[in-house]
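Have a look at the structure below, then the notes.
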Amino acid sequence: MEQMRNLKKQYGPIVKLDGIPHRRTVVFLFDPELSEKMYRMEGRWPTRIAMETMVQYREERPELYKGNYGLASSQGKDWHNFRSKVNQHMMQPRTIKPHVGQINEVAQDFIEKMRKLRDPETLELPKSFNNEMNKWALESICAIALDQRLGCLEFDLPTDSEPQIMINAVHDMFDLFYKLEILPSLWKVYRTRNLKKLFHCFDIMSGISKRYISLAREKLRESTSMGNEELSMLQRLVAIDEQTANVMIMDMMLAGIDTTSNAAASALYHIATNPQAQEKLHQEAAKVLPEKDSPVTYEALNKIPYTKACIKEALRMSPIAIGNLRTMQKDIVLEGYKIPSGIDVIACHGIMSQDPEQFPRPKEFIPERWLQGSEDNISAKAAHPFAYMPFGFGPRTCIGRRFAQLEMETLLTKVIRNFRVEWHHEPMKFKSRFIQTVASPLQIKLLDL
Ligand code: HEM
């Protein structure tokens, strides 16, 4: 992120970087107006390059993918056809309704786990807590995508238990992605050990999801009387066809775990370091949850504007995706520069959302700027609409956004209803891999309320 900031400082709002070995030429945009122009020219089928190892895997498993590579790894008409099939089942606001209860249960279990994990004397969460956040996100996304609790939050899981096997596969998958896609690797020349390991992880995840798809098929048969609105996301996907369900579940696992866990972790950190915001958050949580273990309901989620503002502000200050990539489908001209078809352009929203011209006092955590009626001198209304795009833009925007928001809003509401959270360490460090992640241990102090 610092490197991007320096590029902007040194060269201005549009910067071309080329000549880097093994890297494609890329153009960075640091200006919201230029970004808007670029998106407006992206066409009907926006292209975002995929991880090549994943495409390779999908090509090698024709029995699973049948040439249908899902969202994360397909382009053009193939991408469009898949997205058109699944979009309405994932993007409509009411899609989350059948899942609110499950996500509440996951959050409630996680609260109990946090209580047990904290040090009895210091009341701080352990250094390993970041990994527990990943398990929370995995359990949450499985609750939605597989329509079942997997059990990833249990203590002392046997090594051969399904949840532990899944936790390991997901953990290894992210590690191997980094080794194969970012670090120099020879996997394209010959089948490296790491590539085999990665494919093994995909096979495990795919095998587990297949079992749950069969269960969803059974449930769907038994539930002919249910209205479409009551059907879980998985049941709706299975109703399209099982292959679509399988591919979509894999995409959810790839894109919906580390993103959500890091976004929630950074929100918790910002809240722990801003006691005034926390107090307001607590008042809001206490209104919708009369008791500490009251469930977060669908109705409650419509009554927590301050919580939503805190999440928005956390994503502004600590974005998960620093930039959003598009491969140009035709020659375009921006700021007088010709950008030929085939070149990657990255709109660096993570830099723009910290620009004082867009967001006054950008280094301060001010959730109020997102609230209706906020004071003009801080309001986000004055910002250019393309300065802040944490979930991307247009037809290729994040398809899991509603689920990510459901998970984060539920968790924050419950945490703040149960604890006062404090931070007694150096400021949190963040690091960039594919996404921006929290790099310091999330050793938040939890005081019971
Ligand atoms: C805070 C959490 C999350 C953030 C910040 C985030 C952010 C993003 C961004 C920036 C994109 C690229 C959009 C674009 O190109 O315009 C994206 C794509 C995507 N996200 Fe998310 N995401 C999050 C959670 C999730 C979750 C929970 C899921 C799964 C349910 C998910 C599934 C996907 C998929 C499948 C795509 C590819 C969409 C396509 O190419 O059509 N994301 N996400």
Side-chain angles (χ1 to χ4, degrees), residues 35-36 38-39 42 44-51 54-55 69-76 78-87 89-91 95-96 99 103 106 133-134 136-146 170 209 233-234 237 244-245 247-268 308 310-312 314-327 344-350 353 386 388-412 434-438:
S35 307
E36 176 170 11
M38 182 276 286
Y39 283 124
E42 70 180 1
R44 276 175 68 209
W45 303 331
T47 299
R48 199 190 46 239
I49 45 170
M51 287 185 210
M54 211 161 69
V55 178
Y69 297 160
L71 297 179
S73 8
S74 66
Q75 312 293 352
D78 289 344
W79 166 80
H80 173 77
N81 288 345
F82 194 89
R83 180 102 192 194
S84 312
K85 277 199 276 187
V86 295
N87 215 39
H89 303 298
M90 302 190 64
M91 290 294 283
T95 316
I96 59 163
H99 300 285
I103 292 302
V106 176
M133 289 294 296
N134 290 337
W136 159 77
L138 172 60
E139 183 71 9
S140 301
I141 210 65
C142 286
I144 296 167
L146 307 180
V170 169
S209 17
M233 194 211 62
L234 181 58
L237 292 179
T244 301
V247 176
M248 192 60 237
I249 292 171
M250 287 300 277
D251 274 0
M252 289 176 79
M253 304 275 192
L254 293 167
I257 299 172
D258 57 345
T259 44
T260 315
S261 76
N262 280 287
S266 92
L268 281 173
K308 290 176 199 243
C310 285
I311 293 170
K312 278 189 178 165
L315 281 171
R316 183 192 68 76
M317 290 183 74
S318 314
I320 295 301
I322 304 171
N324 203 23
L325 187 145
R326 291 288 182 266
T327 305
D344 295 334
V345 179
I346 301 184
C348 301
H349 302 291
S353 69
F386 282 72
Y388 175 79
M389 294 258 154
F391 292 98
F393 173 76
R396 204 143 192 180
T397 187
C398 175
I399 200 164
R401 171 189 194 143
R402 302 244 176 244
F403 295 120
Q405 286 165 331
L406 165 66
E407 292 173 33
M408 294 190 289
E409 289 165 13
T410 307
L411 183 68
L412 287 196
F434 293 103
I435 59 167
Q436 205 183 209
T437 59
V438 294

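In each ligand, atom 1 is the first atom listed, and ligand 1 is the first ligand listed.
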Those atoms of ligand 1 less than 4.0 Å from some heavy atom in G392: 10 (C), 13 (C), 14 (C), 16 (O)
Flag, side chain of D251 to backbone of L71, donor-acceptor distance under 3.5 Å: yes
Side chains of M90 and M252 in contact at under 4.5 Å (non-hydrogen atoms): yes
Sub-4.0 Å heavy-atom contact, P390 with ligand 1: yes
Test of proximity, T259 against ligand 1: N or O pairs below 3.5 Å: no
Ligand 1-proximal atoms of M408, by part, heavy-atom distance under 4.0 Å: side chain
Protein contact to atom 37 (C) of ligand 1 [nearest heavy atom, distance to 0.1 Å]: R48 NH2, 3.3 Å
Atom 22 (N) of ligand 1: nearest protein contact (heavy atom, Å): C398 SG, 3.1 Å
Ligand-residue contact atoms, ligand 1 with F393, heavy atoms, under 4.0 Å: 16 (O)
Side chains of M133 and V438 in contact at under 4.5 Å (non-hydrogen atoms): no
Under-4.0 Å heavy-atom contact with ligand 1, by part of R326 that carries it: side chain
Short side-chain to backbone donor-acceptor contact, T397 and F391, under 3.5 Å: yes
Shortest protein contact, atom 1 (C) of ligand 1 (heavy atom only): A263 CB, 3.6 Å
Region of L325 that comes within reach of ligand 1 [heavy atoms, distance under 4.0 Å]: neither
Identified salt bridge (Lys or Arg N to Asp or Glu O under 4.0 Å) partner of E409 from the options K308, R402, K312: K308
Heavy-atom side-chain proximity of N134 to L138 below 4.5 angstrom: no
Which residue and heavy atom of the protein sit nearest atom 35 (C) of ligand 1, plus the separation: I399 CG2, 3.6 Å
Candidates N324, I322, L325 - the one meeting side-chain contact (heavy atoms from CB on, under 4.5 Å) with I346: L325
Min side-chain heavy-atom separation M248-I399 under 4.5 Å: yes
Protein heavy-atom partner closest to atom 33 (C) of ligand 1 - residue, atom, separation in Å: A255 CB, 3.4 Å
H349 (side chain) donor-acceptor with P319 (main chain) under 3.5 angstrom: no
Minimum-distance protein heavy atom relative to atom 26 (C) of ligand 1: G256 CA, 3.4 Å
Subset of ligand 1 atoms that lie under 4.0 Å from at least one heavy atom of G400: 26 (C), 27 (C), 28 (C), 29 (C), 30 (C), 31 (C), 32 (C)
Any E407 heavy atom less than 4.0 Å to ligand 1: no
Part of R83 within contact of ligand 1 (heavy atoms, under 4.0 Å): side chain
Closest approach of any protein heavy atom to atom 13 (C) of ligand 1, naming residue and atom: R396 O, 3.4 Å
Within-4.5 Å side-chain heavy-atom neighbours: W79 and P46: yes
pair I435-D258: side-chain heavy atoms closer than 4.5 Å: yes
Side-chain touch Q75/T327, heavy atoms, less than 4.5 angstrom: no
Sub-4.0 Å atoms of ligand 1 with respect to non-hydrogen atoms of N324: 12 (C), 13 (C), 14 (C), 15 (O), 16 (O)
Atom 6 (C) of ligand 1: the protein heavy-atom neighbour that sits closest, reported with distance to 0.1 Å: F391 CD2, 3.7 Å
Part of I141 within contact of ligand 1 (heavy atoms, under 4.0 Å): side chain
Check: S353 main-chain N/O paired with R316 side-chain donor or acceptor under 3.5 Å: yes
Side chain, backbone, both or neither: I320 near ligand 1, heavy atoms under 4.0 Å: side chain
